[in-house]
Amino acid sequence: GYIKQTIDSLKRLQAKAARIIGGAYKATSGPALDIELYLLPIEQQIWKTSSETVSRILSTEKMPALAGFRLLRTTRSRGRQTPYVSPLAHTYRRLHQRRGETIEEQEVIPPYLAPPWWQGPNLRIAPSPEIARTQHKEFLKHPSNSIFVYTDGSGIDDNIGAAAVSPLTQCTKMAHMGSSETSTVYAAELQGINLALQFADDDAEKGNKRDRVVIFTDNQAAIRSFQTPTGRSGAYIVAEAIPLIDKLQRVRRTPVEIR
């Protein structure tokens, strides 16, 4: 009763808002407006918000145990035959039925990766591909003692991988990230940058002193991830790269640039 009344009220509210947005008549059907305006039905919108909330809780290290929604509640109210189930627990159970045990294998995303005062690498993003190519040609025209590495991440045949190539040291590093169901091309791009940082650290371990480390990548989202590292998908790769950046810049005194 109460749930149906709430859903009906939300449906009327969404239909009223959709008529205002679309400039439709009062008699226009609400479901038709949802289709025309690409609006999710209320039931699906509530499920989407609830499932995303549970997924975010599952992706943290401490919150699942703190929330305790995995535990079956056995308390019963007076005159009630079945135990109460919170909305959080109900959503978790529905997700568990759909996804099975893989729901417990979600990527852990920490709330933060570096303190606000962290001094990251120098980031350069060209306004257009043409300008990027011109800047790259200018970079190659002026020989320096810098080590530069080209990186890329891509997917083929449902597999995701990353690679980094250093023309100066004539070395290549590759990493298989898994299938397209467990990884993304964005994560592979981050891994490519991580491999490039490993190149630079290995080169410094051999006693080579470089003016700077320049990493070339074709993914702007991956570059921006190092501007203000925050908790999002692929954060575990950025977390691995941050100590390498600090080691190169603070200990090795070698500036890092990603472009």
Side-chain angles (χ1 to χ4, degrees), residues 1-113 155 158 160 178-187 190 221 224-225 228-236 238:
Y2 171 74
I3 295 177
K4 186 178 185 306
Q5 291 176 6
T6 305
I7 293 295
D8 291 341
S9 297
L10 290 173
K11 284 182 178 179
R12 288 193 296 269
L13 183 61
Q14 176 165 304
K16 183 177 180 180
R19 292 186 186 99
I20 295 173
I21 294 171
Y25 295 108
K26 284 186 177 182
T28 307
S29 168
L33 279 172
D34 289 344
I35 295 173
E36 292 296 327
L37 299 176
Y38 299 96
L39 299 175
L40 282 176
I42 286 298
E43 295 91 336
Q44 294 183 20
Q45 184 63 46
I46 292 173
W47 166 248
K48 177 176 179 291
T49 304
S50 301
S51 59
E52 287 177 350
T53 300
V54 171
S55 296
R56 284 196 298 270
I57 293 175
L58 287 171
S59 66
T60 61
E61 285 187 290
K62 306 298 182 183
M63 279 300 293
L66 181 63
F69 55 82
R70 290 191 182 93
L71 303 176
L72 296 177
R73 179 175 291 184
T74 58
T75 56
R76 293 180 173 87
S77 65
R78 184 177 301 174
R80 186 178 179 89
Q81 297 298 322
T82 57
Y84 283 116
V85 178
S86 69
L88 187 64
H90 179 70
T91 304
Y92 172 78
R93 292 180 186 182
R94 286 184 62 186
L95 284 173
H96 193 280
Q97 290 174 355
R98 295 187 180 191
R99 295 170 54 181
E101 296 301 326
T102 58
I103 193 174
E104 303 293 343
E105 301 173 0
Q106 274 197 194
E107 173 190 350
V108 176
I109 301 177
Y112 63 90
L113 302 176
D158 292 330
I160 306 295
S179 68
S180 57
E181 294 183 356
T182 58
S183 189
T184 61
V185 174
Y186 166 72
L190 292 176
R224 291 192 176 94
S225 295
T228 52
T230 56
R232 64 179 68 181
S233 180
Y236 70 98
V238 180

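Residue numbers start at 1 and run along the sequence shown. Values below: every heavy atom of this structure, side chains too, minus hydrogens, waters and symmetry copies.
- When the salt bridge (Lys or Arg N to Asp or Glu O under 4.0 Å) test is applied to Lys48, the partners found at least two apart in sequence or on another chain are Glu52.
- In terms of heavy atoms, Gly30 sits closest to Ala15 at CA-CB, 4.3 Å.
- Annotation: salt bridge (charged side-chain N to carboxylate O under 4.0 Å, His left out) contacts involving residues 9-19, sequence neighbours excluded, comprise Lys11-Glu43.
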Which pairs of donor and acceptor atoms, one on a side chain in residues 20-29, lie under 3.5 Å apart (sequence neighbours left out)?
residue: Thr28; atom: OG1; partner: Tyr25; partner atom: N; Å: 3.3
residue: Thr28; atom: OG1; partner: Tyr25; partner atom: O; Å: 3.0

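- Under the side chain to side chain contact (heavy atoms under 4.5 Å, CB included) criterion, Tyr236 pairs with Glu107, Met177, Glu240, sequence neighbours left out.
- In this view, Glu36 satisfies the salt bridge (Lys or Arg N to Asp or Glu O under 4.0 Å) rule with no residue, not counting sequence neighbours.
- Here the side chains of Ile160 and Tyr186 are not in contact, with every heavy-atom distance at 4.5 Å or above.
- With rounding to the nearest 0.5 Å, the separation of CG in Asp158 from OG in Ser180 is 4.0 Å.
- Residues Ile109 and Ala235 share a closest heavy-atom pair of CG2-CB, 4.4 Å.
- The minimum heavy-atom distance between Leu37 and Ala18, with the atom names listed, is CD1-O, 3.5 Å.
- The CZ atom of Arg224 sits 13.0 Å away from atom OG1 of Thr230, with the distance rounded to the nearest 0.5 Å.
- Here Leu39 contributes atom CG and Gln44 contributes atom CD; the two are 11.5 Å apart, rounded to the nearest 0.5 Å.
- A search for side chain to side chain contact (heavy atoms under 4.5 Å, CB included) contacts involving Leu10 returns Thr6, Ile42, Ile46, not counting sequence neighbours.
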